[in-house]
Amino acid sequence: MTAVSLGMPRVYHGEGNIFETEAFPKYAAKELTNEQLRANLGFATHKIRTKREHVVGELPDWQGLRTAGSMIKQRVMANLPEYLEMFEKNFTAAGGHVHWARNAEEANQIALDLIRAEGVDEVIKIKSMATAETGLNEYLRENGVEAIETDLAEEIVQLADDRPSHILVPAIHFNRTQIRDIFLKKIDGVSVDLSNDPADLAEASRIRLRDKFLQSKVAVSGVNFGIAETGSLSIVESEGNGRMCLTLPDTLISFMGIEKLLPSFEDFEVFLQLLPRSSTGERMNPYTSLWTGVTPGDGPQNMHVILIDNGRTAVLDDEVGRQALHCIRCSACMNVCPVYERAGGHAYGSTYPGPIGAILSPQLGGIENEYNSSLPFASSLCGACYDACPVKINIPDVLVHLRGKAVDHEKAQGDFKGGKKDPHYQMDAMMFGAKQLFSSGKLMSLAEKGLPMSKLVTGKDHKISKFPGLVGGWTKYRDIPEPPKESFRNWWKKEAPKASRRDSSERVDIQALIEQNKGKVVEAHQQAEQRGQTIAHPAEEKEQ
Amino acid sequence: MSTAKEDILGRIRSSLSDHPSPPEPIRNYRRTSKLSKEATLEMLVDRLIDYKANVFYATEETIAHRIDELLQDASRYVVPVGIKESWLPEDTARRSRIFDAGNLKKAGTLSTRELDSVNAVVTNSTVSCAETGTIFLNTNSDEGRRAITLVPDHHICVVKEDTIVELIPEAFERIDYKRPVTMISGPSATSDIELIRVEGVHGPRTLDVIILQ
């Protein structure tokens, strides 16, 4: 809409680590061959998902909290200029300094200047999505300042010179022995007898960082919540590294996206209930800090907040897509996503992986970006992310909306091949076809009755083992478990009216698909059996 | 040239040219507990233990003895200046308390290095939320500044029975956001390696909670 309408405001997209470096299907294909990554991610996402379901189930008013959270965030976005100015006024009155940054480069520059003013060449850091987005560590390094990550997982990733694979547990792609080896190689003075016991590894980190905490003059953090009415900031964490950074150094520089605000202190009570349960699956994370500016003789006396746009105003410009700004970075959507679980966080390129990344990154950086335009297609639209989202971001809706935008853009550029050769068309059509199969009780029951459909859809082990066309490359690596019938059908009831918006020419011809694939799954199973292999899901193998 | 602030606010206003006006948020969640005092206490204890805190009970008469036992081999422990002295065991030849004035700009406040050399810290607390197993410290004079409950490896925290509430909104009513707030749910922990929970990374590795009846 904005791309073609004259007189519409120009939007300003962000920069930094919000882009794919390769189209999603290509990167995902590579990652799918990484057995360790996939096994670890599968284990992690399932474990956190189960914990989350348990603690969410404990609260009788969970849906009420979600609704309140969603409505509060809508209010924030609708009145963002007023809340930002209110925050600035109150944070400043409490002794802090507020800076504004149009983009990543400006935010990094402001931080560098503040660090240089303190005369140090090393800072300690709390895990922060915003500084990962702006590429602060790399920027500081280029300018002679070392940023030391203090969250254990970020520390491991930094020592390994790697990238996070999950926003909550960024080092989940390493196993304990690999981490031991990284520590042995990279930590000065670590005992050569260091075991691979997680407790010993955590102890090694404690010893390494203790002096840094006690000596460092400057810390850099992100922000979980900023409260407009009071000028307060809050950070949630587990290890105590956050409290160290927020308490011991004299200068604290906090990066905060402009969307991170809550109107009032009362609103914080909602989000403090939503975030930990959705994120780590705990009733509460071990440590939450809340502070209002400078407290004389207690904690940092020199406090700065950098308010960052970096494409957020462009997200806000899209009436459907702006709800992506409600995200509180809990990662629940990743842990329930079948695509994320298999492709892994690296495949999304951006700092923000998974379903939320698929709608946030292309909006922050612009769908016009060649690679980002593939992100909205990295989903089966199964809707699990929407159910899990603590602030009810309708990720499937936004995905469909952005797919439309991506195709519109290609058409405008003359790149759209249309027809069956276009990857977007194929992926979209296949996902849509799959959705139809699974969500129709009639079709599913046909499949269950052992008609030809069942050979296409679910093999004898109730797994999808073979899809035709582009997606065939995906199922070549992995069987897809049959989705739970109940929830899917319920979901379909809600979604069915929306599906009718689709042009009939975009629909998949189910009959043709059946014809085309008749007997292929049986064939594949027979061939596999002849080779003495069984086709099964790795998670099941582990459980056995 | 316009400032970054003007530019960003201008961009936001332009992006909001559709003038969204969402309704007042509906707060359809629990804000007042219906649990009995006994059930609330039981819930708090259950959740503290679940997150690997150690829970003990004491009265005004027995608390000094209890703290004495919990301090075990500690030779030096820090307390905030406002702590109730009758809670503390007598100093011995082997063990002494150190008062912290709570303001680095004032005399009688330990440097960070000094704080790193003490074995334990004893504080009061402001309010505890049973549903989440969370203890709130609000930097009152008997809780001290933030660093004293962070740097020592062992935190002994007193929770008075009448400060226990069931719900987060009830806890929020009892804290003053103008002073720093630290919310503690069990000892420092990480699950970053293979999702195996390890207690004690950078914060105190032992959290002893004394429920004061």
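A note on names: the letters A, B, ... follow the listed sequences, proteins ahead of strands, and every chain is numbered from 1.
- Side-chain contact between A/Arg283 and B/Ser185: absent, with no pair of heavy atoms (C-beta onward) separated by less than 4.5 Å.
- Among B/Asp18, B/Thr3, B/Thr190, the residue making the largest number of heavy-atom pairs under 4.5 Å with chain A is B/Asp18.
- When heavy atoms are compared at a cutoff of 4.5 Å, A/Leu248 approaches chain B solely by way of its side chain, counted from C-beta outward.
- At a 4.5 Å heavy-atom cutoff, the contact between B/Phe172 and chain A is made by backbone and side-chain atoms alike.
- When the candidates A/Glu88, A/Arg102, A/Gln301 are compared by the number of heavy-atom contacts under 4.5 Å with chain B, A/Arg102 comes out ahead.
- Across all their heavy atoms, B/Pro22 and A/Ala78 have their closest contact at CD-CB, 3.4 Å.
- Using a 4.5 Å cut-off on side-chain heavy atoms (C-beta onward), B/Glu131 and A/Glu58 make no contact.
- In this structure, chain B has a heavy atom under 4.5 Å from the backbone of A/Asn285, while its side chain stays farther away.
- A 4.5 Å side-chain heavy-atom check between B/Asp192 and A/Asp151 finds at least one atom pair inside the cut-off.
- At most 12 heavy atoms of other shown residues, nucleotides or ligands fall within 6.0 angstrom of atom CZ in B/Arg94.
- Between B/Leu16 and A/Pro81, the closest side-chain pair of non-hydrogen atoms falls below 4.5 Å.
- You'll find the side chain of B/Arg13 stays beyond 4.5 Å of the side chain of A/Leu80, heavy atoms only.
- Annotation: maximal heavy-atom pairing with chain B below 4.5 Å, among A/Val169, A/Asn241, A/Val55, occurs at A/Asn241.
- The environment of B/Asp50 atom CG is dense: over 12 non-hydrogen atoms of other residues, nucleotides or ligands sit within 6.0 angstrom.
- Side-chain contact between B/Met183 and A/Leu272 is present, with heavy atoms from C-beta onward closer than 4.5 Å.
- For A/Gln273 and B/Tyr29, the side-chain atoms include no donor-acceptor pair closer than 3.5 Å.
- The residue among B/Pro169, B/Ser191, B/Pro187 with the most heavy atom pairs within less than 4.5 Å of chain A is B/Pro169.
- Proximity to chain B (any heavy atom under 4.5 Å) is restricted, for A/Thr247, to the side chain, taken from C-beta onward.
- With B/Tyr177 contributing its side chain and A/Leu290 its backbone, the two residues share no donor-acceptor pair below 3.5 Å.
- When the shell of 6.0 Å around CD1 of B/Ile26 is examined, it contains 12 or fewer heavy atoms from other residues, nucleotides or ligands.
- Annotation: side chain of A/Ile258 is in contact with side chain of B/Ile12 (closest heavy-atom distance under 4.5 Å).
- For B/Thr134, the part lying under 4.5 angstrom from a heavy atom of chain A is the side chain only.
- Looking only at atom types and distance, the side chain of B/Ser188 has no donor-acceptor partner in the side chain of A/Glu239 under 3.5 Å away.
- Considering all non-hydrogen atoms of both residues, A/Thr295 and B/Pro180 come closest at OG1-CG, 3.2 Å.
- Proximity to chain B is limited to the side chain of A/Phe213, based on heavy atoms less than 4.5 angstrom apart.
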- request: With salt bridge (charged side-chain N to carboxylate O under 4.0 Å, His left out) as the test, would you mind laying out the steps for B/Arg197 and A/Glu282 before giving the verdict?
  value: CA-CA 12 Å; B/Arg197 190 175 166 100; A/Glu282 294 169 301; 2.8 Å; yes

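- Contacts with chain B were tallied for A/Val315, A/Thr313, A/Leu168; A/Thr313 has the most, counting heavy-atom pairs under 4.5 Å.
- No other option in A/Met244, A/Gln74, A/Met77, A/His99 has as many heavy-atom pairs under 4.5 Å with chain B as A/Met244.
- In summary, B/Arg205 and A/Glu203 engage in a salt bridge, as defined by a charged side-chain N under 4.0 Å from a carboxylate O.
- Of the possible donor and acceptor atoms, one in the side chain of A/Arg206 sits under 3.5 Å from a partner among the backbone N and O of B/Val201.
- Contacts between B/Glu24 and chain A at a heavy-atom distance below 4.5 Å involve backbone atoms as well as side-chain atoms.
- Proximity of a side-chain donor or acceptor of B/Lys178 to a complementary backbone N or O of A/Thr292 within less than 3.5 Å is not detected.
- Between chain B and the options A/Arg277, A/Gln63, A/Glu237, heavy-atom pairs under 4.5 Å are most frequent for A/Arg277.
- Only the side chain of B/Thr139 has a heavy atom closer than 4.5 Å to any heavy atom of chain A.
- A donor-acceptor pair under 3.5 Å links the side-chain atoms of A/Asp61 to the main chain of B/Arg30, judged by distance alone.
- Under a 3.5 Å cut-off, the side chain of A/Arg322 and the backbone N or O of B/Ser15 do form a donor-acceptor pair.
- Between A/Asp298 and B/Arg179 there is no salt bridge, since no side-chain nitrogen of the basic residue lies less than 4.0 Å from a carboxylate oxygen of the acidic one.
- Heavy atoms only, all atoms of each residue included: B/Tyr51 and A/Met284 are closest at CE1-O, 4.0 Å.
- Per-residue heavy-atom pair counts under 4.5 Å with chain A were compared for B/Arg47, B/Lys5, B/Arg113, and the maximum is reached by B/Lys5.
- Of the atoms belonging to A/Thr150, it is backbone heavy atoms, and not side-chain ones, that fall under 4.5 Å from chain B.
- Contact tally against chain A (heavy-atom pairs below 4.5 Å) for B/Leu115, B/Thr112, B/Val181, B/Asn28: the top residue is B/Val181.
- B/Glu114 CD: more than 12 foreign heavy atoms inside a 6.0 Å radius.
- In this structure, A/Lys212 places its NZ atom where only 12 or fewer heavy-atom neighbours from other residues, nucleotides or ligands lie under 6.0 Å away.
- Closest approach of B/Ile196 and A/Pro198 over heavy atoms only: CD1-CG, 3.9 Å.
- Heavy atoms only, all atoms of each residue included: B/Ile8 and A/Leu307 are closest at CD1-O, 4.4 Å.
- Scanning both residues, A/Tyr287 and B/Pro204, for their nearest heavy atoms gives OH-CD, 3.3 Å.
- In this structure, the portions of A/Ala44 lying under 4.5 Å from any heavy atom of chain B include both its backbone and its side chain.
- The structure places CZ of A/Phe271 at 14.5 Å from CD1 of B/Ile168, a figure rounded to the nearest 0.5 Å.
- Under 4.0 Å is where a charged nitrogen must lie from a carboxylate oxygen, and between A/Asp317 and B/Arg11 no such pair does.
- Checked by atom type and distance alone, the side chain of B/Glu194 pairs as donor or acceptor with a backbone atom of A/Arg176 at under 3.5 Å.
- For the pair A/Glu266 and B/Arg31, the salt-bridge criterion is met [side-chain N within less than 4.0 Å of a carboxylate O].
- The contact between A/Ile179 and chain B is made entirely by side chain atoms (from C-beta outward), counting heavy-atom distances below 4.5 Å.
- Contacts of B/Pro23 with chain A are made by both backbone and side-chain atoms, with heavy-atom separations under 4.5 Å.
- In this structure, chain A has no heavy atom under 4.5 Å from any part of B/Ser111.
- Between the side chains of A/Ser289 and B/Arg146, no donor-acceptor pair is found at a separation under 3.5 Å.
- Here A/Leu152 contributes atom CG and B/Ile193 contributes atom CD1; the two are 5.0 Å apart, rounded to the nearest 0.5 Å.
- Using a 4.5 Å heavy-atom threshold, the side chains of A/Arg210 and B/Asp116 count as touching.
- In terms of non-hydrogen atom pairs under 4.5 Å with chain A, the most contact-rich of B/Leu195, B/Leu207, B/Thr109, B/Thr182 is B/Leu195.
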